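Structure record follows, encoded as structure tokens.
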Number of protein chains: 2
Amino acid sequence: MLRMGKLTDYGIVLMSYLASRTYQQHSAHTLSDAVNMPLPTVRKVLKALSHNGLLISERGAQGGYNLSRSPNKISIAEIITAIEGPIALTECVGEESHCELEPYCDVQTNWTRINNAVFHALDEVKLSDMLVPQASGVSPIHFYPEATLQNGELHA
Amino acid sequence: MLRMGKLTDYGIVLMSYLASRTYQQHSAHTLSDAVNMPLPTVRKVLKALSHNGLLISERGAQGGYNLSRSPNKISIAEIITAIEGPIALTECVGEESHCELEPYCDVQTNWTRINNAVFHALDEVKLSDMLVPQASGVSPIHFYPEATLQNGELHA
DNA sequence: TTTAATTGGTACTATAATAGTACCAATTAG
DNA sequence: CTAATTGGTACTATTATAGTACCAATTAAA
């Protein structure tokens, strides 16, 4: 399904919440209550986000997290990257490729284009876009229906 | 990393090979040798591709697979969809969502847009594009460097 | 009509990735 | 000094993926 991890999803929900309330610090505990996620998980995600510069953290009593930038300067691509690492659809697109098919593979270089296209799509959606209700005129969800084997051989 | 599965990668390599030799049938065995992948895996992938109408299969002796359409009519999005199922970055974008956060979640509807953007990017790249050597003028790989935690807490 | 080649369907197992949890050190406000 | 809070790391459980095996169905050709 070309899935993101759940933690990334959580991360975007958390970032969205923070984007709507930038006037104060938010502790992991507070956020856990607000978005109804288990505290340990929230802490894990917040750590990753602050580690990668998307959040500014303050320690100690009355500490907490806040966005490091304006929500319209933070892209979905950045959030995904912060939590999952660089966007690399295939192994051979990364820094160090261990794919033993390389000598036989003709399509390797073209992966860069695809990766680029996806990155670009994700980089154009900003955190601020997540706050507003979905704009009208947006086309409905667009995927090929019933595209997977139903029998469990290949998992949906 | 927003990764595709390996099988999908295999699938695209196989489709590319077939696209460059559409004048004949290719058996799983032949393809396994040609692209240097284990036969069982090749068979699994070919089954998924033909099951979803991207390949036409013929059974029996002298049977095999061939593209069902011209390579410029087959998109990368279709291949991914055939092997991994509908592109749905998050759980809540699918048909039946089981996300228990839904009552609290404000960003759900916006996921459709993101999903759309990614799908569109992948749908514009055609199988025929994978055959030609990478066109000049294509920007280099584009991802945020060193974006993951190095310490093993969140895996790259 | 028999045999060999081939795909179709399904089930199973091993491996790897992810999610989730727990713990303690470091920092800071009161 | 104490309570609140993030930082760092390690560990375990769960799930998804990859990989393998098997036999039925089909077809061409000997």
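The shown structure was predicted, so the numbers you read here are calculated from the model rather than taken from an experiment. Each chain gets a letter, A, B and so on, in the order the sequences are listed, and its residues count up from 1.
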Along DNA chain C (nearest heavy atom to each residue), the more 5'-positioned of A:Gly5 and B:Leu46
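Nearer the 5' end of the strand: B:Leu46.
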Nearest-angstrom distance from the residue atom [atom1] of [X] to [atom2] of [N]:
X       : N      : atom1 : atom2 : answer
A:His51 : D:dG7  : NE2   : P     : 9 Å
A:Arg43 : D:dG8  : CZ    : C1'   : 11 Å
B:Ile83 : D:dA16 : CD1   : P     : 19 Å
A:Met4  : C:dA17 : CE    : P     : 19 Å
B:Tyr65 : C:dA5  : OH    : C1'   : 13 Å
B:Glu91 : C:dA19 : CD    : P     : 11 Å
B:Leu31 : C:dT6  : CG    : P     : 11 Å
B:Lys47 : D:dA18 : NZ    : C1'   : 14 Å

Where the side chain of [X] is defined as all heavy atoms beyond and including C-beta, which of [options] is the nearest nucleotide?
X       : options               : answer
B:Leu7  : C:dT21, D:dA18, C:dG8 : D:dA18
B:Lys44 : C:dT21, D:dG19, D:dT9 : D:dG19
B:Tyr10 : D:dG19, D:dG7, D:dG8  : D:dG19

For the backbone of [Y] and the side chain of [X], can you confirm whether one donor and one acceptor N or O come within less than 3.5 Å of each other?
X       : Y       : answer
B:Ser27 : B:Thr30 : yes
B:Glu58 : B:Gly63 : no
B:Ser32 : B:Ala28 : no

Ionic contact status for B:Glu78 with B:Lys126, cut-off 4.0 Å
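No, no charged N to carboxylate O under 4.0 Å.
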Could you note down all residue pairs passing salt bridge (Lys or Arg N to Asp or Glu O under 4.0 Å) where residues 20-41 of chain B supplies at least one of them, sequence neighbours left out?
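Those involving residues 20-41 of chain B do not exist here.
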Using only side-chain N and O atoms of A:Ser57, determine if any of them is under 4.0 Å from OP1 or OP2 of D:dG7.
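A:Ser57 to D:dG7 OP1/OP2: side-chain N or O found under 4.0 Å.
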Strictly below 4.0 Å: does A:Ser50 bring a side-chain N or O up to OP1 or OP2 of D:dG7?
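Affirmative; the distance criterion is met.
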Should C:dC23 form a Watson-Crick or G-U wobble pair with both distances under 3.5 Å, which nucleotide is its partner?
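Across any shown strand, C:dC23 pairs with D:dG8.
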Listed pairs, N/O of protein and of nucleotides 26-30 of chain D, under 3.5 Å:
| from | atom 1 | to | atom 2 | distance (Å) |
| --- | --- | --- | --- | --- |
| D:dT26 | O4' | B:Arg59 | NH1 | 3.0 |
| D:dT26 | O2 | B:Gly60 | N | 3.4 |
| D:dT27 | O2 | B:Ala61 | N | 3.1 |

Could you walk me through whether A:Leu67 and A:Leu54 satisfy the side-chain contact (heavy atoms from CB on, under 4.5 Å) test, starting with their C-alpha distance in whole Å, then the side-chain angles of each, then the deciding distance to 0.1 Å, before giving a yes or no?
CA-CA 6 Å; A:Leu67 294 189; A:Leu54 298 183; over 6 Å; no
Does the side chain of B:Ile114 come within less than 4.5 Å of A:Met130's, by heavy atoms?
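A side-chain contact under 4.5 Å exists here.
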